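To start, the structure itself, in structure tokens.
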Number of protein chains: 2
Amino acid sequence: MKMHDRKLKILYAIVKDYIETADAVGSRTLSKKYNLGVSAATIRNEMADLEELGYLTQPYTSSGRVPSDSAYREYVNYIMALKKKTSQRKHDIESNVASKIGEMRELLHYSSKILSEITSYTTIALSPHIEGCRVESIQFVKISSEMILAIIVTDTGVIRKPVFRIIGGIDSTTLQKITNLLNYKMKGLTLREVEQLLLREINREASELEKATIKVLPELLKTLEKIDEYDIMFNGTANIFNFPEYNDVVRAKAFFSMLEKKQAMYNLIAAINNDGISISIGKENDFDEAKECTLITATLKNDGNIVGWLTVIGPTRMEYTKVLKDIRYVSAFVNELMNHKY
Amino acid sequence: MKMHDRKLKILYAIVKDYIETADAVGSRTLSKKYNLGVSAATIRNEMADLEELGYLTQPYTSSGRVPSDSAYREYVNYIMALKKKTSQRKHDIESNVASKIGEMRELLHYSSKILSEITSYTTIALSPHIEGCRVESIQFVKISSEMILAIIVTDTGVIRKPVFRIIGGIDSTTLQKITNLLNYKMKGLTLREVEQLLLREINREASELEKATIKVLPELLKTLEKIDEYDIMFNGTANIFNFPEYNDVVRAKAFFSMLEKKQAMYNLIAAINNDGISISIGKENDFDEAKECTLITATLKNDGNIVGWLTVIGPTRMEYTKVLKDIRYVSAFVNELMNHKY
DNA sequence: TTTAGCACTCGACGCATGAGAGTGCTAACA
DNA sequence: TGTTAGCACTCTCATGCGTCGAGTGCTAAA
């Protein structure tokens, strides 16, 4: 759908102005503020057309116009295209930050906090399920008479360290044997496959060694089922109140209720799977509560595997240009750090 | 300060009514709703006295009365005294829940979630700094060529599992030797003492073994410094909107901004150190942002050591009776579970 | 095709008004 | 002496009304 150049210009100006002011924008203001080269009346005609095309809405008869989701989409496509032409600049790594980060999850939390601070939006840090990852190594460490720590490292560098309990305890030698056995059998399998393997082993007639093992396996299985938990964290939630659209208590409450639905938030964000930045606007979001929000998400990958998502969330009237710049910066930083360390 | 019985009765009735309705309560309503045996005019006289004593305030001339912090305090002392007379009932442990909980921190998170659900308030789960705890054991596990996992178990059962990196790597035998050495030297010391010991060792002329160690120690020290992190988590934050006092966007924003000041929240809650339930009302809170809130906090102890806090936060107009009952229930449950496992 | 002009629409804001809830004070009562 | 009824007064809040202004659609002229 190719629009006349002037129509697009006007559309972009409306979106830009609305992002800035959060007020319905009228033809007169537009012609004064932006140098469009035509009079307010002409703009009025174009606006009527744009409304018919579904890009604008009127809150009430004879008020100014407000951009629709499609208008934002059009605008975003436009600035995304612009950005591609400019070269990606290199980012320096602040080494003191780098040294503080031991694990992927910490890195994610930290960068989400930074992102929230520089954008003044609410941000979400999300780490993925790991059921699809392959096991690099499994180790067990006895930490008290009955408690055992399992250390599971995946090929993507994700580490999980669940603690579980063996009633009656188990001696170190046996534990070492089990470690060796499991490592031998499970290396390279996905967590899902490990679970199935464990199930089979549990139900099998057991040899001498396996008799000791049998005590550990059901506990390990139980632990594995729960270990595969994503992790979601929010930063700068109070920032949402900076937007006039959330000056209404009902909408603010809805926003926070939405954040609390963690499973739904996970599904919303984890649906994204590319290595760059992805934007979903308003009704494009497949989650009712989020249909008045825009989410800008950076997918973080290491070696082709998703290791997390970094999301900025706000009203559809989002400062796309600024937020895009910031999220690009932070995610590039994280990526560089990651490739350095793992 | 011993007050006339009738005055107290009226005061309690006012507090109770205000907790229920969030509206300034007048003499007429009071005499109709509660069976106080005196007329509205008498109540008016008593109310005037109570106002003079600082228990009531008037939002504006000739409006109803609103309880002050001292009124809530009086009321809380009253119901706390009542409670002590009734016997603590035994709580059953739901074993399926118990089996899901591997670590203290998980237990804390989980119970905070439950608490928020049953009270319909916002809850805070807080786990303490561990610098005061004594080291029970330190272990190292190699998880990749350069990454090492340290497992530190304290005498209170808290487990920390920081990952750090040794550039150039280290072989397993040396690592095992270091583990043995550190365990021998550090068992029973506090984390603070361990840090000092490490510093001394780093600066000392080293023997053969210690030459290998010297590579690990600075990294370990750095890791230890950052490991001593409390952990704070919120549940049911959207519940705050259920209270009319937060129907004002400015106050709601202030509430969420307060929650985001994690260090201050830690200080606020961690100041409490007893084994039961503690209530701090409005201006009693030593943190400006919280001066319009009441916090009811259960300190969770294991073997005399604080392992966490469970807090319900809401307006000073809190349903004290109900919330007290609920937090007692949940914290008793957690305590029982803890003593079972650790 | 663009622009100027004009009548019209609708929300925001300010102001007045009245209802209602609650008070303090006074005088009468037990 | 303590309690109650009555009354005038106060203050908030909801409602209604009129004005203002930004913005529109339509029409006719350039």
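What you are looking at is a predicted structure, and each value in this text was computed from that prediction instead of being measured.
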Gap between atoms NZ and C1', on A:Lys33 and D:dG23 respectively (whole Å): 16 Å
- request: Figure out the CD1/C1' separation between B:Ile10 and D:dG2, and round it to whole Å.
  value: 13 Å
- prompt: 5'-most contact on DNA chain D: B:Tyr60 or B:Glu46, nearest heavy atom basis?
  reply: B:Glu46
message: Nearest to the side chain of B:Ser39, heavy atoms from C-beta on, is which of D:dT4, C:dT23, C:dA4?
response: D:dT4
message: Tell me whether the rings of A:Phe256 and B:Phe256 are parallel (<30°), tilted (30 to 60°) or perpendicular (>60°).
response: parallel
- request: Output yes when B:Lys16 and B:Glu20 qualify as a salt bridge under the 4.0 Å nitrogen-oxygen rule, no when they do not.
  value: no
message: Taking A:Arg65 first and then A:Glu51, would you say they form a salt bridge - that is, a charged N and a carboxylate O separated by under 4.0 Å?
response: yes
statement: Between A:Ala270 and A:Leu126 the two heavy atoms that sit nearest each other are N-CD2, 4.3 Å
- prompt: Rounded to the nearest Å, what distance is computed from the CG atom of residue A:Leu50 to the P atom of nucleotide D:dT24?
  reply: 12 Å
- line: In A:Glu289, A:Glu245, A:Glu292, the residue satisfying salt bridge (charged side-chain N to carboxylate O under 4.0 Å, His left out) with A:Arg251 is A:Glu292
- prompt: With the sugar-phosphate defined as primed atoms, P, OP1 and OP2, and the base as all remaining atoms, what B/S/- string results for nucleotides 25-30 of chain D, 5' to 3', for protein heavy atoms under 4.0 Å?
  reply: B-----
Rounded interatomic separation in angstrom, taking CG from A:Asp17 and C1' from D:dA22: 14 Å
field: A:Val38, nearest nucleotide to its side chain (from D:dT4, C:dT3, C:dT9)
entry: C:dT3
- prompt: From the list C:dT3, C:dG22, D:dG23, which nucleotide is the closest neighbour of the side chain of A:Arg28?
  reply: D:dG23
- request: Examine D:dG23: is either OP1 or OP2 under 4.0 Å from a nitrogen or oxygen in the side chain of A:Thr29? Give yes or no.
  value: yes
statement: Here the distance between atom C1' of D:dT24 and atom CD of A:Glu52, to the nearest Å, is 16 Å
message: Strictly below 4.0 Å: does B:Ser63 bring a side-chain N or O up to OP1 or OP2 of D:dC11?
response: no
- prompt: When you check the phosphate oxygens OP1 and OP2 of D:dT4, does a side-chain N or O of B:Thr42 lie under 4.0 Å from one of them?
  reply: yes
message: If we count only N and O atoms by modelled type, under 3.5 Å, do the side chains of A:Ser112 and A:Thr123 hold a donor and an acceptor together?
response: yes
- request: Look at the side chain of A:Ser62 and the base of C:dT9, then say whether one donor and one acceptor between them are separated by less than 3.5 Å.
  value: yes
statement: Atom CE of A:Met47 and atom P of C:dT2 are separated, to the nearest Å, by 16 Å
- prompt: Between B:Asp5 and B:Lys9, is the closest basic N to carboxylate O distance under 4.0 Å?
  reply: no
query: What is the distance, rounded to the nearest whole Å, between atom CG of B:Leu56 and atom P of C:dG22?
result: 14 Å
